[in-house]
Structures are given as C-alpha cells and as structure tokens.
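Worksheet: the structure to be examined is printed underneath.
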Amino acid sequence: MRVVLRPGAALTAVPDEAERLGLRRVLVVCGPRGEEAARGVADALGAACAGLHAEARMHVPVEVAERAVEVARDSGADGCVAVGGGSAIGLGKAIALRTGLPLLAVPSTYSGSEMTPVWGLTERGAKRTGRDPAVLPRAVVYDPELTLSLPVALSVTSGVNAIAHAAEALYAPDTSPLVSLTAEEGVRAMAGALTALAAAPRDLDARGRALYGAWLCGAALGATTMGLHHKLCHVLGGTFGLPHAETHTVVLPYALAYNAPAAPEAMAALGRALDADDVPGAVRDLAAGAGVPRSLAELGLAEADLAVAARMAVGQAYPNPREITEEGVLDVLRAAYEGDRPQLNSTIER
Ligand code: NAD
C-alpha cells in the first residue's frame, strides 16, 4: 500500500495514484453529505473518472452494496476511489470484494478503515464482517484540508474510535513489538491533535497530526484481533442501531477499566501516550467539553437492552485479556449506560 499525507492531496495525489496503478476509468463513491468533496476528486481525475456514486450509508446495507456494484459494472470502471468516512470506504470495499477492482481511499474521518482488509455488510439488521486482502486499499491519500469541515464533536468521537483500535491492539493476542510501537505513537498523536482541535478546529497542522494518528491506529487495527470493546460496539451498533464513533467514545473508558487489571503492559503504554496514570479517566476526559454524549442512555439505548446486549456480547468467542463473563460484561454496559467516571477495578471486582 502507498500512503500520501499532505494538504491538498485529495486533488493533487489521487490522479497520480490512479495513474500509477494503471487505472483509466475509476468510479468515485461517497456518502450524500460528502458529495462536494468527492466531486472535487472526480473533477481532478478528469477523463480518468467513470462516474460519481453518492449513495454510501452507515454499515453498508447489502442492497446499497449491490446497487454500487451494478453502477461500477455498468460504467465500465477499472477501479474505485472512496472519498469520505468509514461508511464511504466500506462501500468501496464492498465493490472491491464483489468485483476485485482495486480501491483507493481518501479518508475524511479518523475511522482507520482504509488501513484494514476488513469489510462489513448489513443484511436484515445483522452486520457481517470478514477479512479479504482484495478490500485493502492499494493507495491511501490523506488530505488534512478535507477534514477541516469535520465538526469538533465528530472529530473527537472519530478520534476516540481510532484510539480504541490502538488500545485493543496493544493487548491483542496477536500483537507484536511493531504493532505496540505503532499503537502507542498513534494514541499519542491522536490525543495531542484532539486537544489542539478542540481549541482550533481549523488548525491544519493538528488536522494532519490527527490523520497521522488515524493511520497508525488503523494499521494497528488491521494487524490484530480486537477484544471486548469492539465486540460491545459491534453489538450496540449492529443490533441496537447506535451511532458508530459515538458508541466507541462512550464505551471505551469502561471497557478499559474492565481490562486494565489483566493488561498492565497495554495500560502502561496508553498511560505514556496519554500522559496519565488513570487511563480510562483520561480517555473519558478527551471527550469533555466537546458536546459529545457521555452515556449509552444519552445515545438512546433502553435500560432493558443492557442484559440483551450483554448476552449477545458473550455469545461468541473472541480474545480478551480478562475473562469475559455475562455478569462482568453487564457491569461494563451498566457503567457505560450511566456514564459516571469509570472506577478502576472497583466497578467490576466483587
Ligand atoms: P461515517 O463515514 O458514517 O461518517 C459520519 C458522518 O460524518 C457522516 O454523516 C458523514 O457524511 C460525515 N462526515 C464524514 N467526513 C466529514 C467531513 N470531513 N466533514 C464533515 N462531515 C463529514 O462514519 P465513520 O465513523 O467514519 O465510519 C463508520 C463506519 O465505518 C461504520 O460502518 C464502521 O463499522 C466502519 N468502520 C470499519 C472499519 C474496518 O476496518 N472495516 C474500521 C472503522 C470503522
């Protein structure tokens, strides 16, 4: 994979990267709200653009994917450029999965999807994910200018989504020294950038550092197997329709408080990156003052759904540093539902 990161790169580097891959007719995909930015990329591609398809939706509903595959085939596209957040990149991945067309990604959030071979499709309310090298973008073009429009609240939740990838990569069973270094540096870069962006959302340098953090955190995600935190967010998003980045932001402090006793090295790395002793508290503080929901209750989850979500989250095997019990998971969910400051150990140890 080639990675380009510089202001203005969406317009200047995408045509070069397409040409480098020998592409002559690329379909540009995006979500409805990202159409203006995507049109700029399409215009920059000129004759190498086969069309613009602005129908990406959160969690890639299977009918949205099928329609996009049809558009790609009908337009005679020999490649695809996804411009936008994880939803637009997810649609690009669905096209790559079904057609084998090479994918270029131009991310406008910090979701990190562009760095992973993981695809997702939602059918009849259930989200399926899988890994396939065909969906890993051949080139990623990070353009800080493209993210200037990202509101502070969305910047913070998307940034904490990235930090969640790095945090779980640090205690993943398949972590490595390379992943650990990448993850720690990714968290350091992202946390610093988010603090700067809260004060000055149009600070191009901080926008660049946030994308650099997203790159590293996404790479750590792509290289490892995620644990309890990602499983909980998958259930809360896929089954209860909670918004992706906001859910990650609410849940992460409590998932980390649960796992902390079983993952001392990961917590030490996160503590260094965040310059804090109380890692779950420091993660929660990143979202303070940004107008971001602080609890699952605020995100609209019903209290009665906590037990259902807990049962679903323990229903499938996945690696986690601390043993997963239904009771323990319910405690994590209840704490996230209430949204009080996470208590290291004491909320979960009996
Ligand atoms: P998103 O792509 O849905 O974007 C959220 C909102 O922000 C949308 O309304 C979008 O139009 C808007 N937006 C995006 N960029 C903007 C910008 N620069 N300025 C203003 N508004 C902007 O959300 P997301 O959090 O980026 O991605 C979530 C999706 O990505 C989920 O479906 C999740 O499962 C998936 N994801 C996949 C992976 C993976 O490895 N496969 C990793 C992370 C996330």
Side-chain angles (χ1 to χ4, degrees), residues 10 29-38 40-41 54-62 64-65 82-94 96-97 103 105-122 126-137 140 142-166 168-169 186 197 201-202 204 207 210-211 214-215 217-226 229-239 241-249 252 292:
V29 300
C30 62
R33 280 170 60 191
E35 192 167 344
E36 201 185 315
V41 173
E55 289 179 25
R57 284 200 359 236
M58 184 82 102
H59 301 314
V60 199
V62 78
V64 170
V83 182
S87 299
I89 295 168
L91 185 60
K93 286 178 164 183
L97 184 69
L103 175 65
V106 187
S108 68
T109 69
Y110 311 132
S111 84
S113 177
E114 67 281 357
M115 283 292 144
T116 82
V118 178
W119 55 264
L121 282 168
T122 304
K127 188 170 176 185
R128 285 185 293 131
T129 58
R131 278 182 179 257
D132 193 316
V135 310
L136 185 71
V140 177
Y142 287 115
D143 182 350
E145 283 175 6
L146 210 60
T147 57
L148 288 176
S149 54
L150 202 59
V152 169
L154 198 47
S155 303
V156 167
T157 54
S158 193
V160 176
N161 183 196
I163 289 174
H165 305 329
E168 293 225 297
L197 287 175
R202 294 189 64 81
L204 201 58
R207 289 288 180 192
L211 282 174
W215 169 8
C217 293
L221 165 72
T224 54
T225 312
M226 297 287 104
H229 169 76
H230 278 73
K231 181 68 194 175
L232 285 175
C233 293
H234 184 94
V235 168
L236 293 168
T239 303
L242 265 49
H244 181 81
E246 289 85 345
T247 305
H248 272 269
T249 304
L252 187 62
V292 171

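Counting starts at 1 for both ligands and their atoms, in listed order.
Contact of the N161 side chain with the Y110 side chain is not registered, since no non-hydrogen atoms from C-beta on lie closer than 4.5 Å. Taking the side chain as every heavy atom from C-beta outward, L252 and V160 approach each other to under 4.5 Å. L221 is not listed as a side-chain neighbour of M115, based on a closest heavy-atom distance of 4.5 Å or more. Using a 4.5 Å cut-off on side-chain heavy atoms (C-beta onward), L103 and V135 make no contact.
For a threshold of 3.5 Å applied to N or O pairs, the pair formed by R33 and ligand 1 contains at least one separation below that value. Below 3.5 Å of separation, one finds an N or O of S149 facing an N or O of ligand 1. The N/O atoms of A88, backbone and side chain alike, include none that comes under 3.5 Å of an N/O atom in ligand 1. Considering backbone and side-chain N/O atoms, V118 comes within less than 3.5 Å of an N/O atom of ligand 1. Not a single N or O atom of G84, backbone or side chain, sits closer than 3.5 Å to an N or O atom of ligand 1.
In this structure, M226 CE and K231 NZ are separated by 14.0 Å, a value rounded to the nearest 0.5 Å.
Within the 4.0 Å cut-off (strictly below), no protein heavy atom is located near atom 10 (C) of ligand 1.
Interface of L146 with ligand 1, defined as ligand atoms under 4.0 Å from a residue heavy atom, comprises 18 (N). The G85 neighbourhood of ligand 1 comprises atoms 2 (O), 26 (O), with distances under 4.0 Å to a heavy atom of that residue. Set against the non-hydrogen atoms of G86, the atoms of ligand 1 under 4.0 Å away are 2 (O), 24 (P), 26 (O), 27 (O), 29 (C), 30 (O). Within the listing of ligand 1, atoms 14 (C), 15 (N), 16 (C), 17 (C), 18 (N) sit less than 4.0 angstrom from a heavy atom of S108. Which parts of ligand 1 touch K93 is read off a 4.0 Å heavy-atom cut-off, strictly below it: atoms 39 (C), 40 (O), 41 (N).
When only modelled atom types and interatomic distance are considered, H248 and H230 share no side-chain donor-acceptor pair under 3.5 Å. Of the N and O atoms on the side chains of T116 and R131, not one donor lies less than 3.5 Å from an acceptor on the other residue.
When the heavy-atom distances from atom 14 (C) of ligand 1 to T109, I89, L148 are ranked, the shortest goes to T109. Checking S111, S87, G112, S113 against atom 23 (O) of ligand 1, the nearest heavy atom belongs to S87. When the heavy-atom distances from atom 22 (C) of ligand 1 to L150, T116, T129 are ranked, the shortest goes to L150. Among L154, L221, D143, the residue whose heavy atom lies nearest to atom 6 (C) of ligand 1 is L154.
The main-chain N or O of H229 is found under 3.5 Å from a side-chain atom of E168 such that the two form a donor-acceptor pair. No donor-acceptor pair closer than 3.5 Å links the side chain of R202 to the backbone N or O of L197. Side chain of H59 to main chain of A126: no donor-acceptor pair is present (N/O by atom type, distance under 3.5 Å, no hydrogens or angles).
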Side chain to side chain contact (heavy atoms under 4.5 Å, CB included) between T122 and K127, worked out
CA-CA 4 Å; T122 304; K127 188 170 176 185; 3.6 Å; yes
Would L150 and T109 satisfy side chain to side chain contact (heavy atoms under 4.5 Å, CB included), going step by step from the backbone distance to the final call?
CA-CA 7 Å; L150 202 59; T109 69; 4.1 Å; yes
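Using a 4.0 Å cutoff on heavy atoms, R57 does not count as a contact of ligand 1. Contact between K127 and ligand 1 is present, with at least one heavy atom of the residue lying under 4.0 Å from the ligand.
The closest protein non-hydrogen atom to atom 25 (O) of ligand 1 is H244 CD2, 3.9 Å.
With a heavy-atom cut-off of 4.0 Å, V60 does not touch ligand 1 at all. Contact annotation for H59 and ligand 1: heavy atoms of both the backbone and the side chain come within less than 4.0 Å of the ligand.
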